Amino acid sequence: MPVDVQSLAKRRGFIWQSAEIYGSMAGFYDYGAMGAMLKKKWENTWLKYFMGLDDNYYLIDPANIMPEAALKASGHVDSFTDPLVECTKCGHAVRADQLIEEVTGAAAEDLSPEQIDSKIVELNLSCQRCKGHFGSAKIFHMMFPLDIGTKGTDKAYLRPETAQGAYLNFKRHFEIMRRKLPLGLIVIGKAYRNEIAPRQGVYRMRELIQAELQIFMDPETFSDELDMKEMEGKEINVQLVDMRGKQDVQSMPCRYLIDQYKLPDFYVYHMLKIQEFYLDVIRVPKNKFRFYEKSEKERAFYNRVHFDIEIDLATLGGFKELAGLHYRGDYDLTKHQAGSKESMEVSLDGRRLIPHVLELSFGVDRNVWALLDLHLVDERTGVLKLAPSLAPYTFAVLPLMRKDELIPVAREIHTLLKNDFDVYYDQSGSIGKRYARMDEIGTPFCITVDFDGLEDNTVTIRDTDSSEQKRIPIDELERIARGLASGKLLFRDLK
RNA sequence: GCAGAUGUAAUCUAGCUGGUUAGGAUUAAAGCCUUCCAAGCUUUCAGCCCGGGUUCGAAUCCCGGCAUCUGCACCA
């Protein structure tokens, strides 16, 4: 029986649809015991890596609910919407702008509800199903609206992206962190979008987790802060716009992208950092990773440069967007300056400027799913080959058999390790079955107490990647465990 | 949201031309056995998506809802 990612995710406690016992709601998912740990470790790994890019990068945690005024200023209230008209007779709802576009052939995207109503009268449009009359146009918000307070008069929304919380906090953090650029604000948290038709599992959700680094910087000096030498001789996997249909991925030198393709050098620098994160830290196979350039038409107008980060995922049928790198210019702070009437200008070395934003935006749920998709190897049973830093449990402690001589020693080792590491203990069934269980949840190392070990105070350590074992003294277990867990010591280097 | 298909233990699935004690496999739990990779034996737990209707009788037929998959649309 082939191992199916989705059923393993359910069976072993990673992720499944929310509110199952009530029949579920599309677009909402719950993380279970293994999934919550896996997600936390992905987030921690991500945070450590990206916060480490500069001493002036920080984790913050803004509110999930935002006042209407802020989202009005950001543009979401007006453009994160679809106009709908509903038939008064049969209740059939259609996109009003598309309806008008179909008939007139002209773009109707920017029409107000009033304009749509008069267009419908003018063109004498009626319901395609029952020929009934259309009611007046209503705006369907992709944001979830909320009424705050007893009278419900304070309009607010669940945030559609975490980025806005960082922009709203920029001015204060610039002050708190002693007026330096670049300043990085990181948010890991939920965002909410009322998707019309969520599909493809966790790929499109109505409640999703984002991990974002917003770098506020001076475009004229930002490059000076970065170690550009790191890019020498390095190549980046890309699919540029004009490669579409010809080539899925091509490896291109950083220098080419900067000198010939005219991308800003700080942008390419961050492409390289993101690529290193995926290839070295997350262990994505090189041929399954690429930056996908968005054409001018596809990207939002305020994004000066926009590549998606895509990974080839079997469960989702090809390269899929897992993150984005967006050079947004000064669009966001300028908008919030206008909306809030608070100056976003900063003064540095006698220069005054509104900082530009380079945004590194990651979809956490998609990335966690990708871990399962990429690392689940089907070897008669499922084997999840996760890096020690990502696995829900780093170690399992197992007595070879359920025997009175072995169990106390195994218990003791479990106690020894569990304060410092995530350790699973299991003594039921056969040893093979217990290894298989650990394989399925991606535990990289199994420590087994056997009869030989009782004689000479040793245990064996089994490596999930290779299923090989080595014997080590119990005295050295803590030191070795620390090395293996941190990745500083590799299993193959153990004697 | 539209069209089509689908929905049976934790997982995978048989039954679905109406009457079955709803069958199997895997998993899980308990025990026996077992000196390293889902072995074997015994036992146990557990199921027809939800709500109506037709019928003497519904997992099976009909209607509605919810969900999933595929295509279209959507994805500032």
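Here is the naming used below: chain letters follow the sequence lines, and residue numbers restart at 1 for every chain. Quantities reported herein were computed from a predicted structural model and do not represent experimental measurements.
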> Nucleotide by nucleotide, 5' to 3', does protein get under 4.0 Å of the base (B), only the sugar-phosphate (S), or neither (-) in nucleotides 29-36 of chain B, counting heavy atoms?
Replying inline: S-S--BBB
> Roughly how far apart, to the nearest Å, are B:U13 and B:U55 at atom P?
Replying inline: 35 Å
> Which parts of residues 17-25 of chain A get close to RNA chain B, meaning a heavy atom less than 4.0 angstrom away?
Replying inline: A:Gln17, A:Gly23, A:Ser24, A:Met25
>> Using whole Å, what does the distance between atom C1' of nucleotide B:A76 and atom NZ of A:Lys335 come to?
In response: 12 Å
>> Would you say the ring centers of A:Tyr278 and A:Phe289 fall short of 6.0 Å from each other?
In response: yes
>> From CD of A:Glu321 over to P of B:C75, roughly how many Å is that when rounded to an integer?
In response: 14 Å
> Rounding to the closest angstrom, what is the interatomic distance between B:A14 and B:G52 at atom C1'?
Replying inline: 28 Å
> Between A:Lys39 and A:Val368, is there a donor-acceptor pair closer than 3.5 Å when you use the side chain of the first and the backbone of the second?
Replying inline: no
> In whole Å, what separates the C1' atom of B:A58 from that of B:C49?
Replying inline: 16 Å
> Any donor-acceptor pair under 3.5 Å linking the side chain of A:Arg299 with the backbone of A:Glu293?
Replying inline: no
> Testing A:Asp456, A:Thr460, A:Thr458 for side chain to side chain donor-acceptor pair (under 3.5 Å) with A:Arg471, which one passes?
Replying inline: A:Thr458
> Which is true for A:Ser7 with a 4.0 Å heavy-atom rule: it touches a base, it touches only sugar-phosphate, or it touches nothing?
Replying inline: sugar-phosphate
> Which whole-number value in Å describes the distance from A:Asn303 CG to B:C75 P?
Replying inline: 16 Å
>> Less than 4.0 angstrom between a side-chain N/O of A:Lys10 and OP1 or OP2 of B:A10, yes or no?
In response: no
>> In terms of relative ring orientation, are A:His336 and A:Tyr167 parallel, tilted or perpendicular, with 30° and 60° separating the classes?
In response: tilted
>> What's A:Gly75 touching, base or sugar-phosphate or nothing? Going by heavy atoms closer than 4.0 Å.
In response: nothing
> When you compare B:A10 with B:A29, how far apart are their P atoms, in angstrom units rounded to a whole number?
Replying inline: 16 Å
>> Any strand counts, and the cut-off is 3.5 Å on both contacts for Watson-Crick or G-U wobble. Which nucleotide pairs with B:A10?
In response: B:U26
>> Return whichever of A:Ala197 or A:Ala300 has its heavy-atom-nearest nucleotide of RNA chain B closer to the 5' end.
In response: A:Ala197
> What interatomic distance, in whole Å, is found between P of B:U17 and the corresponding atom of B:U6?
Replying inline: 12 Å
> With A:Lys335, which residues qualify under salt bridge (Lys or Arg N to Asp or Glu O under 4.0 Å), at least two apart?
Replying inline: none
> In whole angstrom, what separates A:Asn194's CG from B:C75's C1'?
Replying inline: 13 Å
>> Regarding A:Asp426 and A:Lys433, does a basic nitrogen lie under 4.0 Å from an acidic carboxylate oxygen?
In response: no
> Would you say the side chain of A:Glu298 and the base of B:A76 hold a donor-acceptor pair, judged only by whether the two atoms sit under 3.5 Å apart?
Replying inline: no
> Can you tell me how far P of B:A76 sits from OH of A:Tyr331, to the nearest Å?
Replying inline: 13 Å
> So what's B:G40 paired with, Watson-Crick or G-U wobble, going by both distances under 3.5 Å?
Replying inline: B:C32
>> Under 4.0 Å, counting only non-hydrogen atoms across every strand here, what does A:Arg11 touch: a base, just sugar-phosphate, or nothing?
In response: sugar-phosphate
> Which one is paired to B:A59, where only Watson-Crick or G-U wobble pairs with both distances under 3.5 angstrom count?
Replying inline: none
> Is there a Watson-Crick or G-U wobble partner for B:G64 with both distances under 3.5 Å, and which nucleotide is it?
Replying inline: B:C50
> Base, sugar-phosphate alone, or nothing: which one does A:Ala26 contact when heavy atoms must sit under 4.0 Å apart?
Replying inline: sugar-phosphate
> Paired with B:C2 by Watson-Crick or G-U wobble geometry, both distances under 3.5 Å: which nucleotide is it?
Replying inline: B:G71
> If you check every side-chain atom of A:Ile196, which of B:C74, B:A76, B:U11 has the closest atom?
Replying inline: B:C74
> If you measure from the P atom in B:A73 to the same atom in B:A39, how many Å do you get, rounded?
Replying inline: 50 Å
> Of A:Gly201 and A:Asp439, whose closest RNA chain B nucleotide lies nearer the 5' terminus?
Replying inline: A:Asp439
> Atom CG of A:Asp4 and atom P of B:A10: how far apart are they, to the nearest Å?
Replying inline: 17 Å
>> Can you tell me the base-pairing partner of B:U21? Count Watson-Crick or G-U wobble geometry only, both distances below 3.5 Å, and say none if there is no partner.
In response: none
>> By the 4.0 Å heavy-atom rule, please label A:Phe28 as base, sugar-phosphate, or nothing.
In response: nothing
> Between the side chain of A:Arg159 and the main-chain N/O of A:Lys190, is any donor-acceptor distance below 3.5 Å?
Replying inline: yes
> Do A:Asp465 and A:Arg283 sit within salt-bridge range, that is, some charged N less than 4.0 Å from a carboxylate O?
Replying inline: yes
>> If the threshold is 4.0 Å, N to carboxylate O, is there a salt bridge linking A:Glu212 and A:Arg328?
In response: no
> A:Met205 CE to B:A67 P: how many Å, rounded?
Replying inline: 16 Å
>> Between B:C62 and B:U20, how many Å separate the two C1' atoms, rounded to a whole number?
In response: 23 Å
>> Using a distance-only criterion (donor-acceptor N/O pair, under 3.5 Å, no hydrogens), is the base of B:U70 paired with the side chain of A:Arg199?
In response: yes
>> In terms of relative ring orientation, are A:Tyr393 and A:Tyr424 parallel, tilted or perpendicular, with 30° and 60° separating the classes?
In response: perpendicular
>> Closer than 4.0 angstrom, basic N to acidic O: yes or no for A:Asp439 and A:Arg462?
In response: yes
> Given atom CZ of A:Arg206 and atom C1' of B:A67, what is their separation to the nearest angstrom?
Replying inline: 12 Å
>> Between B:A3 and B:C50, how far apart are the two P atoms, rounded to whole Å?
In response: 25 Å
